Amino acid sequence: MAGEIPDVSTLTKVWYSETKTGEKTQVSFTEEIPELESAPDAITATVLDLDYELAQPGIRKAETIEIPVLYTHTQHKRLKNLDDNKEYYWWFELPEATAETTGKPLVRYFTGRKRLTMDTISTEDFIKDKLTLYKTSEVMESDGFPTTE
């Protein structure tokens, strides 16, 4: 039936906001979240009296994250109308069933810019597109949404 949202209890909710503690707006759901942050490239070194290299973490490279997102028509319009050149906070709220404390599921977030491109067209109750996020900060996490800067 049009306007009804299918069972989303097992999906991760994607939100955005203009500030860390400001009002958050849900813009989509996703069945899978790709790697939000990869390990830094290794810096290697050799020592003359060892027959192997040593490695330590270097710096993290800039990353782009592509997320297959599902949303209703209203959520699509809201996401499409966001300024592509503006930096937003992006929030990934894991399903409530995964929370240790009721009402405080794990939330991962970072800042970045977005691009939205068309993906698969299906006959389901959702529109499916690809949300590309260009990260401009490290990935943080909290139990529930942060309430202070």
Side-chain angles (χ1 to χ4, degrees), residues 1-44 53 55-149:
M1 217 179 203
E4 287 187 28
I5 295 178
D7 178 23
V8 294
S9 61
T10 61
L11 300 178
T12 295
K13 295 176 185 173
V14 181
W15 305 73
Y16 84 94
S17 65
E18 294 193 18
T19 63
K20 185 175 178 180
T21 57
E23 182 179 336
K24 290 149 189 70
T25 304
Q26 185 187 352
V27 287
S28 66
F29 300 91
T30 186
E31 295 175 298
E32 61 183 72
I33 300 174
E35 184 177 72
L36 294 180
E37 191 167 45
S38 57
D41 288 341
I43 296 174
T44 59
E53 278 188 330
Q56 65 182 28
I59 61 169
R60 288 189 182 112
K61 301 228 179 205
E63 294 177 291
T64 301
I65 300 163
E66 292 183 350
I67 304 166
V69 291
L70 306 168
Y71 41 57
T72 62
H73 187 258
T74 302
Q75 290 172 325
H76 171 74
K77 287 205 169 285
R78 187 178 297 137
L79 187 56
K80 191 74 175 168
N81 288 332
L82 291 178
D83 184 351
D84 285 349
N85 297 311
K86 185 173 180 178
E87 199 170 285
Y88 295 97
Y89 277 85
W90 295 97
W91 308 86
F92 301 89
E93 179 186 13
L94 275 60
E96 181 70 33
T98 65
E100 182 177 56
T101 305
T102 302
K104 292 195 176 270
L106 184 64
V107 175
R108 292 194 171 106
Y109 61 98
F110 57 86
T111 58
R113 291 181 173 82
K114 67 95 180 159
R115 289 292 187 279
L116 188 63
T117 54
M118 188 172 144
D119 199 349
T120 310
I121 296 175
S122 68
T123 57
E124 298 174 17
D125 295 327
F126 281 124
I127 299 168
K128 182 178 179 184
D129 280 338
K130 182 172 28 174
L131 175 63
T132 303
L133 298 174
Y134 301 89
K135 277 184 9 186
T136 58
S137 75
E138 67 179 320
V139 176
M140 312 273 253
E141 67 179 44
S142 64
D143 292 334
F145 291 103
T147 56
T148 59
E149 290 292 325

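The figures here come from the full heavy-atom set of this structure, side chains too, leaving out hydrogens, waters and symmetry mates. This structure is a prediction, so every number in the text was calculated from the model and none was measured.
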Which heavy-atom pair separates Q75 from V27 by the least distance, and what is that distance?
CB-O, 3.3 Å
Please report the interatomic distance CG(L11) to CD(E93), rounded to the nearest 0.5 Å.
12.0 Å
For the OG1 atom of T98 and the CG atom of L106, what is their distance to the nearest 0.5 Å?
7.0 Å
Residue that, paired with S17, satisfies side chain to side chain donor-acceptor pair (under 3.5 Å) out of W91, Y109, W90
W91
Looking only at heavy atoms, which two atoms of F110 and E138 are closest? And how far apart?
CB-O, 3.5 Å
Heavy-atom closest pair, residues R108 and V139
CB-CG1, 4.3 Å
Give me the atom names and distance for the closest heavy-atom approach of S38 to E35.
CB-OE1, 3.2 Å
Report, as yes or no, whether the 6.0 Å neighbourhood of atom CD on E31 holds more than 12 heavy atoms from other residues, nucleotides or ligands.
no
Would you name the heavy atoms of L36 and I65 that are closest together and state the gap between them?
O-CD1, 3.5 Å
The reported gap from CD in E141 to CZ in F92 (rounded to nearest 0.5 angstrom) is 13.0 Å
Taking side chain as C-beta onward, heavy atoms only, is Q26 less than 4.5 Å from Y71?
no
Separation between CZ (R78) and NE2 (H73), nearest 0.5 Å, reads 12.0 Å
Side-chain heavy atoms of Y16 within contact of L79, under 4.5 Å:
no
Heavy-atom nearest pair, I33 first then T30, reads CG1-CG2, 3.8 Å
